[in-house]
Participant: 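Mind looking over this structure? Questions follow.
A quick note: this is a predicted structure, and the numbers were derived from the prediction, not measured. Computed over heavy atoms, backbone and side chain alike; hydrogens, waters and symmetry mates excluded.
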Amino acid sequence: MGFLKDMHERRIAAAQEVRAGQPVVITIARDYGAEGHEIGKMLSMELGIPLYDNELLVRSAARSGEALDKVAAYDERMAAEFMAFLPDRADSRTISDRLFKSMAQVIVDLAATRSCIIEGRLSDYLLRNNPNHIAVLVTAPFDARVEIVRAKRGLDKRAGAKLVREMQHAREAFYKRYSAGKWKMTDGKDIVVNRAKLGRQGCVDAIAAAYRFKLAEVGQDPVSVVAGEFETGDLG
């Protein structure tokens, strides 16, 4: 029994040593209108690690050899509008599948390279087996998200509600398609933060605490790095 116990402890120690040398990565899934993008930007500044959102498109375009505007057309937020998932649009689906494969590899490579924040694009599912991964969902009640979108876009309540429903549906369709129905936006989350109840800063504080705990758990010191350029214009 002593031999088995020693062997088990050595395996645990070896696993911890491997984890200590790996980055800690936060993925943020966000219900549309919950300001997940804005929270991601604030979190990046708070922790001193880069945020990857629209830059994923740039890197995926370079990797796949496709034009950036084509990649953007099949991004998660535009999937419904471009009907990339409809069975009678086989040409669109083929392009979409190829571009997602490229983006998935970009996400996996980034997570293995440096501590960072990755927003959307099924990153939580792609990194689900990464022990140094913190999966976050930023959400808010539907009415609160409608009010946020309505105020920012200058829409009336009915138009705001329609936009939130459509864009939320596009994100959920993206998850269903590229996880083969195995993963939903609410699945596998380590932290769920309610933007309406906690506010932006409260959400940042909760996620930052989890990140610092994870760093301590794997024996890493907080590392100060220069965050990448922030994208703008995303309602989260």
Side-chain angles (χ1 to χ4, degrees), residues 19 22-47 49-54 56 75-77 79 100 103-104 106-108 110-112 114-146 148-149 164-165 167-218 220 234-236:
R19 288 181 63 192
Q22 295 177 343
V24 174
V25 180
I26 300 169
T27 60
I28 298 180
R30 57 267 198 265
D31 285 331
Y32 187 76
E35 295 194 306
H37 183 73
E38 287 83 352
I39 289 167
K41 289 193 294 182
M42 293 171 63
L43 185 65
S44 175
M45 293 293 294
E46 172 75 20
L47 299 177
I49 60 176
L51 167 70
Y52 294 108
D53 186 359
N54 293 338
L56 295 173
D75 187 27
E76 56 164 331
R77 293 166 296 175
F100 177 76
M103 186 174 295
V106 168
I107 289 170
V108 171
L110 282 172
R114 66 189 307 181
S115 293
C116 61
I117 304 161
I118 302 176
E119 290 200 344
R121 283 94 181 176
L122 206 62
S123 54
D124 51 326
Y125 175 73
L126 295 170
L127 301 178
R128 65 194 182 282
N129 295 321
N130 183 334
N132 287 5
H133 164 221
I134 302 170
V136 177
L137 174 65
V138 177
T139 188
F142 178 77
D143 288 345
R145 291 188 284 126
V146 169
I148 289 170
V149 171
V164 170
R165 289 193 186 96
M167 298 305 286
Q168 184 70 22
H169 175 72
R171 291 184 176 182
E172 291 173 356
F174 189 92
Y175 267 75
K176 183 176 181 180
R177 167 129 177 101
Y178 288 108
S179 70
K182 299 176 182 178
W183 201 259
K184 298 178 181 178
M185 285 185 66
T186 54
D187 288 346
K189 299 302 181 288
D190 302 304
I191 302 174
V192 177
V193 291
N194 184 337
R195 183 259 180 266
K197 181 169 289 187
L198 299 179
R200 291 184 188 178
Q201 189 60 53
C203 292
V204 168
D205 291 346
I207 302 167
Y211 175 80
R212 290 171 178 135
F213 176 85
K214 180 65 72 174
L215 285 181
E217 183 183 50
V218 300
Q220 294 187 34
D234 189 337
L235 291 175

Participant: What closest approach, in Å, do R121 and I107 show between heavy atoms, and which atom pair accounts for it?
Facilitator: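 Nearest heavy atoms, R121 then I107: O-CD1, 3.7 Å.
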Participant: What I'd like to find out is whether the side chain of I207 reaches to under 4.5 Å of the side chain of Y211, using heavy atoms alone.
Facilitator: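 No. Closest side-chain heavy atoms not under 4.5 Å.
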Participant: Taking side-chain hydrogen bond (donor to acceptor under 3.5 Å, both in side chains) as the test, write out the residues that go with K189, two or more places apart.
Facilitator: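 Partners of K189 by the side-chain hydrogen bond (donor to acceptor under 3.5 Å, both in side chains) criterion, ordered by chain and then number, come out as D124.
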Participant: Got a sec, which residues hit side chain to side chain contact (heavy atoms under 4.5 Å, CB included) with A208, two or more places apart in sequence or on another chain?
Facilitator: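 Expected list: L43, E46, L47, R212.
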Participant: Measuring only between side-chain heavy atoms, which start at C-beta, is Q22 closer than 4.5 Å to P131?
Facilitator: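 The answer is yes; the side chains approach within 4.5 Å.
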Participant: Does Y175 reach the side chain of D187, with side-chain heavy atoms less than 4.5 Å apart?
Facilitator: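 The answer is no, as the side chains (C-beta and beyond) never meet within the 4.5 Å cut-off.
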Participant: Considering all heavy atoms of both residues, which atom of S115 and which atom of V24 are nearest to each other, and what is their separation?
Facilitator: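 Here S115 and V24 meet closest at OG-N, 3.0 Å.
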Participant: Which heavy-atom pair separates S44 from I49 by the least distance, and what is that distance?
Facilitator: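 Scanning both residues, the minimum pair turns out to be OG-O, 2.5 Å.
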Participant: Look at the aromatic rings of Y178 and F100 and report parallel, tilted or perpendicular, splitting at 30° and 60°.
Facilitator: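 Ring orientation, 0 to 90° scale: parallel.
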Participant: Work out which heavy atom in N194 is nearest to a heavy atom in A140; give both atom names and the distance.
Facilitator: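 For N194 and A140, the tightest heavy-atom pair comes out as OD1-CA, 3.7 Å.
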Participant: Do the numbers put R128 on top of the ring of Y125, so that NZ or CZ is under 6.0 Å from the six-membered ring centre and no more than 45° off the axis?
Facilitator: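 So R128 does make the cation-pi contact.
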Participant: List the atom of L137, the atom of M185, and the distance in Å for their closest heavy-atom pair.
Facilitator: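 Smallest heavy-atom distance, with atoms named: CD1-O, 4.1 Å.
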